[in-house]
Amino acid sequence: MDPTAPSPLVWRDDGLPQSSLYGDVYFSSVDGLAETRAVFLAGCGLPERFAERRDFVVGELGFGSGLNIAALLDLWRREKPPGGRLHIFSIEAHPLSRDEAARILAYWPELGEAARVLLDHWPGRARGFHRVDLPGFDAVLDLAVMDVIEALEAWDGLADAWFLDGFSPALNPAMWRDEVLAAVGARSAPGARAATFTVAGAVRRGLSAAGFEIAKRPGFGRKRERLEAWRPGVRPAARRPETLAIIGGGIAGTSLARAARAEGLSVVVVDDPDTFGASGNPAALVTPALDAGGGPRAALYAQALARAVALYEAEPQAVIAREVLQLAAGERDPARFATVAGQDLFEPGDMRTLDAEDTHARLETPTPALAMAGARVIAPAEVTTAWAGPVVRRGVAKVERDGEGWRLLDAAGELITRADRLALAGGAAGADLLANAPLRPVRGQASWTRGQATPPAAFGGYAIPTRDGLLFGATHDRDDVQTDVRPEDHARNLATLAKGLPALAERLTGSTFEGRAAVRATTPDRLPLADVREDGVIVLTGLGSRGFCLAPLLAEHLVARLLGVPSPLPRQLSHLLKLTRFDSPVTRIGV
């Protein structure tokens with residue numbers, strides 16, 4: 001989104017907020033909260049219908065100030081069934097700022113904690129999907145900042161209730177087109193209900209054509225009538241797994257553990273104590289793969305970065321540094337950086353170009369750069385420890401079916417654990433459990449020293465701060481699976497550092513370095529394997545060097561697919577990650 005674009009909101013003389021784009025008010029002049037409760041909550045049969053299923057899904061057209069969602073959260077916390085989880089999907093093409101929403105929601109102090117939690121976790125403005133945690137409410141929000149048709153086609157959920165709250169059909173007819181209402185119908189579960197303030201004939205006809213039965217009801221305030229709609233049928237109750245065993249204790253496995261526990265699963269992480277994965281360094285970069293094309297791959301990394309950083313910031317002890325400079329390595333890079341900085345996939349101001357003078361003032365090197373304000377340096381152990389929970393330190397030699405579940409066995413054939421569902425997230429170390437997996441091991445050795453520091457920078461290699469010094473590297477050797485630390489690789493890392501930060505490399509020349517070697521798993525197209533197989537096994541591997549950026553969002557996507565709840569990942573992005581994109585897909589577990 002263009003940071004210089006005017007706000008979509010203006011304040012009228014009577015104190016009501018009005019859309020500068022459509023000329024309609026954001027809430028009723030009589031009482032916006034009372035209207036929301038009458039039209040949308042009661043109109044969708046809430047709270048009585050909350051008890052219909054453990055995972056209740058609400059969709060909304062027109063997020064606006066968040067008033068409907070705050071009212072829904074307030075009702076959900078008071079009336080939710082035991083073990084219930086609320087999934088909210090909303091669409092907004094012209095998002096308000098957090099301060100604008102706060103001014104509106106202040107009209108109703110009775111919303112209390114529901115309004116506060118929404119404002120404290122206010123979604124961003126970048127184009128795409130935004131996952132928002134709502135702690136204390138057993139609820140999660142996915143906001144789509146994009147055109148309504150694009151958003152509905154990208155969402156993979158089925159709603160139990162719809163709040164159809166676009167601006168007036170007379171002022172914003174595009175929100176009420178037949179194809180929009182048809183897409184709402186296609187994203188509705190059997191028995192779903194929809195509610196709206198309008199009874200316009202075109203809306204009634206569109207909902208009927210989309211498979212809804214409709215009825216007019218007494219309106220609210222100055223409106224004589226409102227509309228309720230419902231789809232015939234009953235949503236079948238699916239058997240929900242209760243336990244998940246995860247093989248792998250690195251960032252992929254522990255991201256799955258965090259996501260699964262958030263959805264109410266009982267989790268056990270099993271990690272081989274003799275395996276040295278790529279999540280054990282004293283510091284790690286959280287940066288996206290830059291793609292000037294702005295297509296699905298660029299959108300995947302932009303959304304993953306935003307979600308990862310939000311979750312790492314919730315573990316404040318884990319964040320070592322904020323903002324990373326990507327240094328130009330060739331003459332085309334400054335133009336590429338300018339293109340990336342102009343993409344609306346990132347939050348306004350998160351990507352900024354620096355000229356050589358600006359970079360030199362920070363890093364003692366006169367090189368144009370891209371300042372990535374949303375990037376981070378984190379302490380991996382702080383994250384994986386916080387997210388993993390108790391870890392079983394044993395090697396898994398074999399897995400086998402046990403009815404509808406799985407048994408994990410060690411090399412002696414002894415049972416390690418049994419679970420309803422299984423996740424394979426062991427990286428290169430777990431590749432032998434996957435048959436026909438297109439994974440290739442890559443050895444990387446990082447070097448570090450104490451008493452030195454630098455702002456985080458990437459330049460083909462990287463140099464980043466640790467808690468007490470500097471980490472730099474790393475080597476990249478395909479098909480090498482040895483994890484011994486080699487003096488010659490420290491020398492290679494220092495030579496790489498000299499190409500990006502020559503003054504720093506000169507100061508380090510002659511120093512003695514500590515280091516660590518790890519083996520990552522990569523795929524031929526350099527995109528992860530992130531899918532749920534037909535037998536219900538989760539696969540999350542092949543993250544390469546972007547694991548700390550990708551894993552948190554991909555883990556939530558996979559847990560959502562496992563449980564049949566809405567994913568935070570748009571459909572076109574999830575297609576990039578499927579096992580079947582290779583000629584030799586992962587078809588079975590090697591046992």
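For this chain, numbers begin at 1 and follow the sequence in order. Below, each value reflects all heavy atoms present in this structure, side chains not excepted, and no hydrogens, waters or symmetry copies.
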I'd like to know whether Val340 forms a side-chain contact (heavy atoms from CB on, under 4.5 Å) with Phe346, so could you lay out the CA-CA distance, the side-chain angles of the two residues, the decisive distance to 0.1 Å, and finally the verdict. CA-CA 9 Å; Val340 170; Phe346 300 97; 4.1 Å; yes

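- For the pair Val203 and Pro169, the minimum side-chain heavy-atom distance is below 4.5 Å.
- Interatomic distance, CD of Gln303 versus CZ of Phe129, reported as 7.5 Å (0.5 Å rounding).
- Only one option out of Val267, Asp420, Leu265 pairs with Thr243 in a side-chain contact (heavy atoms from CB on, under 4.5 Å); it is Asp420.
- In this structure, the side chains of Glu92 and Met146 stay at 4.5 Å or more apart for every pair of heavy atoms.
- Here the closest non-hydrogen pair linking Gly124 and Val145 is O-CG2, 4.0 Å.
- No side-chain donor-acceptor contact under 3.5 Å links Asp344 to the backbone of Arg127.
- Scanning for ring pair (Phe, Tyr, Trp, His ring centres under 6.0 Å) contacts around Trp122 gives Phe63, with sequence neighbours left out.
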Run Arg352 and Met372 through side-chain contact (heavy atoms from CB on, under 4.5 Å) and show every step you take. CA-CA 7 Å; Arg352 308 183 321 280; Met372 300 182 287; over 6 Å; no

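- You'll find the side chain of Arg235 reaches within 4.5 Å of the side chain of Leu158, heavy atoms only.
- Between His130 and Pro123 the shortest heavy-atom distance is CB-CB, 4.2 Å.
- Scanning both residues, Gly536 and Arg421, for their nearest heavy atoms gives O-CD, 3.9 Å.
- For Phe50, the ring pair (Phe, Tyr, Trp, His ring centres under 6.0 Å) test picks out Phe56, Trp76, with sequence neighbours left out.
- When only modelled atom types and interatomic distance are considered, Ser255 and Trp387 share no side-chain donor-acceptor pair under 3.5 Å.
- Within the structure, side chain to side chain donor-acceptor pair (under 3.5 Å) pairs that include any residue of residues 543-561 comprise Arg258-Glu556, Thr287-Arg546, Arg307-Glu556, Asp531-Arg561, His557-Ser567 (at least two apart or interchain).
- For the pair Lys223 and Phe197, the minimum side-chain heavy-atom distance is below 4.5 Å.
- Glu113 and Arg77 are not joined by a salt bridge, as no carboxylate oxygen comes within less than 4.0 angstrom of a charged side-chain nitrogen.
- Distance alone, capped at 3.5 Å, places no donor-acceptor pair between the Asp133 side chain and the Pro135 backbone.
- At least one donor-acceptor pair closer than 3.5 Å links the side chain of Thr196 to the backbone N or O of Leu164.
- A salt bridge links Arg37 to Asp74: one of the charged nitrogens lies within less than 4.0 Å of a carboxylate oxygen.
- Electrostatic pairing of Arg571 and Asp156 does not count as a salt bridge here, judged by no charged N lying under 4.0 Å from a carboxylate O.
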Would Arg581 and Asp525 count as a side-chain contact (heavy atoms from CB on, under 4.5 Å) if you check the C-alpha gap in whole Å, the side-chain angles of each, and the deciding distance to 0.1 Å? CA-CA 10 Å; Arg581 73 182 189 271; Asp525 61 4; 2.7 Å; yes

Does the pair Asp142 and Trp155 meet the rule for a side-chain hydrogen bond (donor to acceptor under 3.5 Å, both in side chains), with working shown? CA-CA 10 Å; Asp142 291 309; Trp155 188 51; 5.2 Å; no

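- Sparse packing is recorded around CD of Glu534, with 12 or fewer heavy atoms of other residues, nucleotides or ligands lying under 6.0 Å away.
- Counting non-hydrogen atoms of neighbouring residues, nucleotides and ligands closer than 6.0 angstrom, the CZ atom of Arg224 reaches no more than 12 such neighbours.
- In this structure Phe212 satisfies the ring pair (Phe, Tyr, Trp, His ring centres under 6.0 Å) test with no other residue, sequence neighbours excluded.
- Between Arg240 and Asp55 there is a salt bridge, with a side-chain nitrogen of the basic residue lying less than 4.0 Å from a carboxylate oxygen of the acidic one.
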Pair Arg49-Glu79, salt bridge (Lys or Arg N to Asp or Glu O under 4.0 Å): steps then yes or no: CA-CA 10 Å; Arg49 295 183 58 233; Glu79 302 288 347; over 6 Å; no

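- No side-chain donor-acceptor contact under 3.5 Å links Arg297 to the backbone of Gly294.
- Within the 4.5 Å cutoff, the side chain of Glu60 has heavy atoms near those of the Asn68 side chain.
- Inter-residue side-chain proximity for Val309 and Leu311 is flagged as unmet; no heavy-atom pair is nearer than 4.5 Å.
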Donor-acceptor pairs under 3.5 angstrom involving side-chain atoms of residues 95-103: please list them, not counting sequence neighbours.
{"from": "Ser97", "atom 1": "OG", "to": "Glu100", "atom 2": "N", "distance (Å)": "3.2"}
{"from": "Ser97", "atom 1": "OG", "to": "Glu100", "atom 2": "OE1", "distance (Å)": "3.3"}
{"from": "Arg98", "atom 1": "NE", "to": "Leu119", "atom 2": "O", "distance (Å)": "3.4"}
{"from": "Glu100", "atom 1": "OE1", "to": "Ser97", "atom 2": "N", "distance (Å)": "2.9"}
{"from": "Glu100", "atom 1": "OE2", "to": "Ser7", "atom 2": "OG", "distance (Å)": "2.4"}

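- Side-chain contact between Ile91 and Met175 is absent, with no heavy-atom pair separated by less than 4.5 Å.
- Here the shortest heavy-atom pairing between Trp176 and Ser168 reads NE1-C, 4.0 Å.
- The pair Glu228-Arg193 meets the salt-bridge criterion, since a charged nitrogen lies less than 4.0 angstrom from a carboxylate oxygen.
- The OG1 atom of Thr36 lies 7.5 Å from the CH2 atom of Trp108; values are rounded to the nearest 0.5 Å.
- Without hydrogens or angle criteria, Arg231 side chain to Ala210 main chain gives a donor-acceptor distance under 3.5 Å.
- Salt-bridge annotation for Arg54 and Glu242: present, with a side-chain N of the basic residue lying under 4.0 Å from a carboxylate O of the acidic one.
- Side-chain contact check for Glu213 versus Pro232: some heavy-atom pair is nearer than 4.5 Å.
- Partner of Ile246 under the side-chain contact (heavy atoms from CB on, under 4.5 Å) criterion, chosen from Leu540, Leu256, Thr254: Leu256.
- For the pair Ser188 (side chain) and Ala192 (backbone), a donor-acceptor distance under 3.5 Å is absent.
- Salt bridge annotation for Arg85-Glu263: present, with a cationic side-chain nitrogen under 4.0 angstrom from a carboxylate oxygen.
- Remark: the backbone N or O of Val184 is not paired with any side-chain donor or acceptor of Arg187 at under 3.5 angstrom.
- Shortest non-hydrogen contact noted between Val180 and Ala174 is CG2-O, 3.6 Å.
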side-chain contact (heavy atoms from CB on, under 4.5 Å) for Lys80 and Asp138? Distances and angles first, verdict last. CA-CA 9 Å; Lys80 73 179 182 71; Asp138 292 316; 3.0 Å; yes

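- With sequence neighbours excluded, no residue forms a ring pair (Phe, Tyr, Trp, His ring centres under 6.0 Å) with Tyr301.
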